[in-house]
Chemist: 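Let me give you the structure first, and then I'll get to my questions.
Starting from 1, each residue takes its place in the sequence as its number. For the numbers below, each heavy atom of this structure counts, side chains included, while hydrogens, waters and symmetry mates do not.
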Amino acid sequence: MYRALFTYVVAIMACSLHVHVQAQEIDFGDFYNYSITVAELNPGEDLDFGTVIEGGGIYSIAISNSKVITLTGVEYLDVIVDITADADLVNTGICSGSCSIPFTLEAAYANLGSDNIAQALIIPITSNSGNAQIPILRRINGPAGPPPTPVFEGFDPSVFNETAYLYLYGFINVGVGVAAGTYEGNITVSVIYD
C-alpha cells in the first residue's frame, strides 16, 4: 500500500499600493500600507490522497475536497496571487525503486464574499505554476470605482475588509515500481496587493 501526503507552505507579503502614470491614468501615489491576512480555512488538513496502490494510475482530489486558503484584505483592492508546487511528491523514508510520484496542481478562487465552490473561477496552472490578479471582492457591476479615500487621522481600512477563498487541489499519477511509503511535496502561495 502507498500513502501520498501533501503539505504546503504559505508565504505572506503586504506592501504598499502604487498606481503609476501610464497613458491616461493618473498617479495617485501611495495610498496606505494595507495589510492582507492569508490563513487556512481548514487548518491541519493537507491534500491527502490516502492509501494508493502501485500502478494504480490517477488519484485525484476534487475542488470539493480542496485545501482552502483565505485571503482577507481591503474589498475594493486587487491582489496578485502566485502559486507554485513541486512537480513530484517525494518519498520521505528509505526508498528503493521509484521514489517520486508526479503531481499536477489545480487551483481556483471564489470572491463573492462567501466560501462557495459553485462561484469559483479557475486559475490557469502550467507546469505546477500559475498566477492571477484577484479582486478581494468581485466587482459585479463592472470595473473598479474611483480611487479610495485618502488616508486621514482615524482612517481604519479594516472596516472595508472582505475575504476571498483560494482552492488548491489536483491529482497524482502512481506508476508501476513506485516504492511503498509516505510521499510529500510543497505548494507555495504568495500574495501581494496589486
Side-chain angles (χ1 to χ4, degrees), residues 1-13 36-73 79-95 97-136 138 162-192:
M1 297 300 220
Y2 303 88
R3 179 167 172 76
L5 173 69
F6 203 83
T7 59
Y8 74 99
V9 175
V10 175
I12 304 170
M13 297 180 71
I36 186 161
T37 303
V38 179
E40 299 177 53
L41 185 63
N42 44 359
E45 295 179 22
D46 295 324
L47 290 180
D48 190 344
F49 291 92
T51 303
V52 300
I53 299 171
E54 174 190 1
I58 304 293
Y59 291 82
S60 65
I61 293 178
I63 191 172
S64 58
N65 295 318
S66 61
K67 179 66 181 178
V68 182
I69 306 295
T70 59
L71 313 174
T72 303
V79 292
I80 301 293
V81 176
D82 286 311
I83 308 167
T84 57
D86 296 341
D88 297 308
L89 302 181
V90 178
N91 191 311
T92 59
I94 298 171
C95 181
S98 179
C99 299
S100 64
I101 300 172
F103 170 69
T104 302
L105 173 68
E106 295 178 308
Y109 69 94
N111 60 349
L112 286 174
S114 65
D115 174 20
N116 188 338
I117 293 170
Q119 300 168 341
L121 301 172
I122 301 298
I123 296 174
I125 302 288
T126 305
S127 300
N128 281 3
S129 180
N131 62 44
Q133 179 179 353
I134 300 171
I136 292 292
R138 194 177 308 168
E162 191 59 68
T163 301
Y165 298 85
L166 180 64
Y167 305 102
L168 304 173
Y169 54 106
F171 60 91
I172 58 174
N173 189 355
V174 182
V176 175
V178 174
T182 299
Y183 288 73
E184 295 181 356
N186 293 301
I187 298 174
T188 303
V189 177
S190 55
V191 180
I192 60 171

Chemist: So how far is it from I117 CD1 to I63 CD1, rounded to the nearest 0.5 Å?
Modeler: 5.5 Å

Chemist: By side-chain hydrogen bond (donor to acceptor under 3.5 Å, both in side chains), which residues pair with S129, not counting sequence neighbours?
Modeler: none

Chemist: Could you check whether any side-chain N or O of N42 sits under 3.5 Å from a backbone N or O of V68, counting only pairs where one atom can act as donor and the other as acceptor?
Modeler: yes

Chemist: Please determine whether side-chain contact (heavy atoms from CB on, under 4.5 Å) holds for the pair D88 and F103, giving the CA-CA distance in whole Å, both sets of side-chain angles, and the decisive distance to 0.1 Å.
Modeler: CA-CA 5 Å; D88 297 308; F103 170 69; 6.0 Å; no

Chemist: Got a donor-acceptor contact below 3.5 angstrom from the S98 side chain to the G177 backbone?
Modeler: no

Chemist: With a 4.5 Å heavy-atom cut-off, do I36 and I136 have their side chains touching?
Modeler: yes

Chemist: Checking V174 against I53 for the side-chain contact (heavy atoms from CB on, under 4.5 Å) test, could you report, in this order, the C-alpha distance in whole Å, the side-chain angles of both residues, the deciding distance, and whether it holds?
Modeler: CA-CA 7 Å; V174 182; I53 299 171; over 6 Å; no

Chemist: Which of these, E45, E106, E40, sits in a salt bridge (Lys or Arg N to Asp or Glu O under 4.0 Å) with K67?
Modeler: E40

Chemist: CG of D46 to CD of E184: how many Å apart, nearest 0.5 Å?
Modeler: 8.0 Å

Chemist: Below 4.5 Å, heavy atoms only, C-beta onward: do V52 and V178 meet side chain to side chain?
Modeler: no

Chemist: D82 side chain to S190 main-chain N or O, any donor-acceptor pair under 3.5 Å?
Modeler: no

Chemist: Report yes if the side chains of I123 and L166 come closer than 4.5 Å at any heavy-atom pair, otherwise no.
Modeler: yes

Chemist: Check whether any side-chain heavy atom of Y167 lies under 4.5 Å from a side-chain heavy atom of D115, and answer yes or no.
Modeler: yes

Chemist: Specify the closest pair of heavy atoms between R138 and Q119, including all atoms of both residues, with the distance to one decimal.
Modeler: NH2-O, 2.9 Å

Chemist: Quick one: CG on L89 to CG on N173, what's the gap to the nearest 0.5 Å?
Modeler: 11.5 Å

Chemist: Compare every heavy atom of A108 with every heavy atom of A120, then report the nearest pair and how far apart it is.
Modeler: CB-CB, 4.1 Å

Chemist: Taking atom CZ of F49 and atom CD1 of I101, what is their separation to the nearest 0.5 Å?
Modeler: 9.0 Å

Chemist: For side-chain contact (heavy atoms from CB on, under 4.5 Å), just list the numbers for L121 and I134, CA-CA rounded to whole Å, side-chain angles, deciding distance to a tenth of an Å, and then say yes or no.
Modeler: CA-CA 10 Å; L121 301 172; I134 300 171; over 6 Å; no

Chemist: Drop me the distance from Y165's OH to S66's OG, to the nearest 0.5 angstrom.
Modeler: 12.5 Å

Chemist: What is the minimum heavy-atom distance between L105 and N128, and which atoms define it?
Modeler: N-OD1, 2.8 Å

Chemist: Counting only heavy atoms not in I58, do more than 12 fall under 6.0 Å of its CD1?
Modeler: yes

Chemist: Got T70 and T37 here, is their nearest side-chain heavy-atom distance under 4.5 Å?
Modeler: no

Chemist: Applying side-chain contact (heavy atoms from CB on, under 4.5 Å) to V81 and V189, what does each step give before you reach the verdict?
Modeler: CA-CA 7 Å; V81 176; V189 177; 4.1 Å; yes

Chemist: Calculate, to the nearest 0.5 Å, the distance between atoms OG1 and CZ belonging to T104 and F171 respectively.
Modeler: 3.5 Å

Chemist: Mind listing the closest non-hydrogen atom pair of A164 and N111 along with its distance?
Modeler: CB-CB, 3.9 Å

